[in-house]
Amino acid sequence: MKRVLLKTMAATAGSLAATLAICFLFVPLMGGQMAGAGLIMTIVCPVAVGFPASLSHFYQAEKLRQANLALEDAYRQLHEQSQRDALTGVLNRTAFMAELQDRSDAGATGGLLFIDLDHFKTINDSFGHATGDRALARMGALLAQHAGERDLVGRLGGEEFGVFLHGVCANDMVARSQQLREAVQRLDLRAENGMPVTMGASIGACHCLPGFAPSTALATADGNLYRAKSIGRNTVVA
C-alpha cells in the first residue's frame with residue numbers, strides 16, 4: 001500500500017504542478033490574476049480530482065501486478081512439479097533426458113550412471129509396497145544428497161535411476177559410483193514391523209565425451225548395468 005500511496009502522491013503533485021504552470025502562463029495573458037479564490041481553486045481542484053483518481057488507478061495496477069506475480073510463481077511451481085517424480089523428488093525420465101541433451105549440446109563431458117536397486121521385487125513381496133516406496137524415496141534422497149550442483153539425478157522408471165556426474169573424468173566417475181554404491185548399502189531402512197531391510201545397488205557407468213548422444217550413452221550404461229547384475233549385483237561396471 002505504501003508503494004501505491006507514493007505513486008499517487010507523485011502523480012497528484014505532478015498534476016498540481018502542471019495545472020499551476022498552465023494557469024500562471026495563460027490567466028495573465030487573458031487579463032486575469034492568480035490570486036484569492038481563483039488560486040485556491042487552482043490548487044484544490046487538481047488535488048481533489050487527481051488524488052482519488054490516481055489512487056484508484058495505482059491500486060488496481062498494483063493488484064494486477066501482484067496477481068501476475070502470483071500467476072508466474074504458480075506457473076514456475078507447476079512447471080517444476082511436471083519435471084519431478086512425485087515419489088522420489090528427483091527429475092522424471094523425460095526431464096532427465098532433456099537436461100542430458102542440453103548438457104550434450106553445450107559440449108559437456110561427464111559420467112552417466114544407470115543405477116538399479118537390487119532385489120526390489122523381494123522388498124515389495126517381503127515387506128509390502130509401502131516399504132518399497134520408502135526404499136525408492138530414500139534412494140532418490142540419497143542420490144540427490146550426493147549430487148554436485150551441476151549434476152543431474154532422475155528416476156528412469158521403477159527402481160531404476162540415472163545420474164549424470166558433470167565434468168568428471170573416467171576414474172572419478174568410477175570412484176564416485178563406488179561411493180554411491182557403498183552409501184546405498186549403509187542406508188538404514190526398516191519395515192513396518194521394525195525389521196531391517198537390506199539395500200544394495202548395481203551400477204552401470206558410461207563416460208561421456210563432448211557431443212555424446214544421450215540415448216546411446218544411456219544404452220551403454222544400461223548394458224554395463226546388465227553386466228553388473230549378471231556377475232552378482234551390488235557392484236559397479238564401467
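- Side-chain atoms of Arg227 never come within 3.5 Å of backbone atoms of Ser230 as a donor-acceptor pair (strictly under, hydrogens ignored).
- In terms of heavy atoms, Ala238 sits closest to Val174 at CB-CG2, 3.8 Å.
- Not counting sequence neighbours, the partners of Ala147 by the side chain to side chain contact (heavy atoms under 4.5 Å, CB included) test are Asp151, Val153.
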Derivation and outcome, side-chain contact (heavy atoms from CB on, under 4.5 Å), residues Arg84 and Asn92: CA-CA 5 Å; Arg84 295 285 168 178; Asn92 58 37; over 6 Å; no
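- When all heavy atoms of Pro196 and Phe127 are compared, the pair lying nearest together is O-CZ, 4.1 Å.
- Looking at Arg155 and Leu136, their side chains come closer than 4.5 Å, going by heavy atoms from C-beta outward.
- If you take CZ on Phe120 and CE on Met199, they are separated by 9.0 Å, rounding to the nearest 0.5 Å.
- Around atom CG of Asn171, no more than 12 heavy atoms belonging to other residues, nucleotides or ligands sit under 6.0 Å away.
- If you chain together hydrophobic residues whose side chains sit under 4.5 Å apart, Val236 and Leu187 fall into the same group.
- In this structure the side chain of Leu91 never reaches within 4.5 angstrom of the side chain of Asp85, judged on heavy atoms.
- The structure places CG of Asp222 at 12.0 Å from OG of Ser215, a figure rounded to the nearest 0.5 Å.
- Hydrophobic clustering of Ile, Leu, Val, Met, Phe, Trp and Tyr side chains at less than 4.5 Å, counting indirect connections, unites Val197 with Ile115.
- Between the side chain of Arg233 and the backbone N or O of Ser202, no donor-acceptor pair lies under 3.5 Å.
- The existence of a salt bridge linking Lys121 and Asp125 is confirmed by a sub-4.0 Å separation between a basic side-chain nitrogen and an acidic carboxylate oxygen.
- Both Leu113 and Val90 are members of a single hydrophobic cluster when ILVMFWY side chains are connected at heavy-atom separations under 4.5 Å.
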Candidate pair Arg190 and Asp188, rule salt bridge (charged side-chain N to carboxylate O under 4.0 Å, His left out), full reasoning: CA-CA 7 Å; Arg190 301 277 170 167; Asp188 182 19; 3.2 Å; yes
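- Considering CD1 of Ile203 and CG of Leu180, their distance stands at 5.5 Å, rounded to 0.5 Å.
- The CD1 atom of Ile123 sits 8.0 Å away from atom OG1 of Thr198, with the distance rounded to the nearest 0.5 Å.
- Cys208 and Leu112 get closest at one heavy-atom pair: SG-CB, 3.8 Å.
- Between Tyr226 and Val237 the shortest side-chain heavy-atom distance does not fall below 4.5 Å.
- Inter-residue side-chain proximity for Leu87 and Asp133 is flagged as met; some heavy-atom pair is nearer than 4.5 Å.
- Across all non-hydrogen atoms, the minimal contact from Ala191 to Thr131 is CA-OG1, 3.9 Å.
- Inter-residue side-chain proximity for Asp172 and Leu165 is flagged as unmet; no heavy-atom pair is nearer than 4.5 Å.
- Smallest separation of non-hydrogen atoms from Met173 and Gly111: SD-CA, 3.5 Å.
- For the pair Met139/Thr88, no side-chain contact is recorded, criterion being any heavy-atom separation below 4.5 Å from C-beta on.
- How far CZ of Arg93 is from CD of Glu160: 8.0 Å, rounded to the nearest 0.5 Å.
- Between Val163 and Leu152, every side-chain heavy-atom pair lies at or beyond the 4.5 Å cut-off.
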Stepwise side-chain hydrogen bond (donor to acceptor under 3.5 Å, both in side chains) check, Gln179 with Arg176: CA-CA 5 Å; Gln179 292 171 1; Arg176 288 186 61 180; 5.1 Å; no
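- Here the side chain of His207 pairs a donor or acceptor atom with the backbone of Val168 at under 3.5 angstrom.
- Rounding to the nearest 0.5 Å gives a distance of 7.0 Å between CZ of Phe161 and CG of Leu117.
- A donor-acceptor distance shorter than 3.5 angstrom exists from the side chain of Asp118 to the backbone of Asn234, with no hydrogens or angles considered.
- Heavy atoms only, all atoms of each residue included: Pro210 and Thr109 are closest at CD-CG2, 3.3 Å.
- Put simply, the side chain of Leu156 reaches to within 4.5 Å of the side chain of Leu218, judged on heavy atoms.
- Taking the six-membered ring where the residue is Trp, the centroids of Phe164 and Phe212 are separated by under 6.0 Å.
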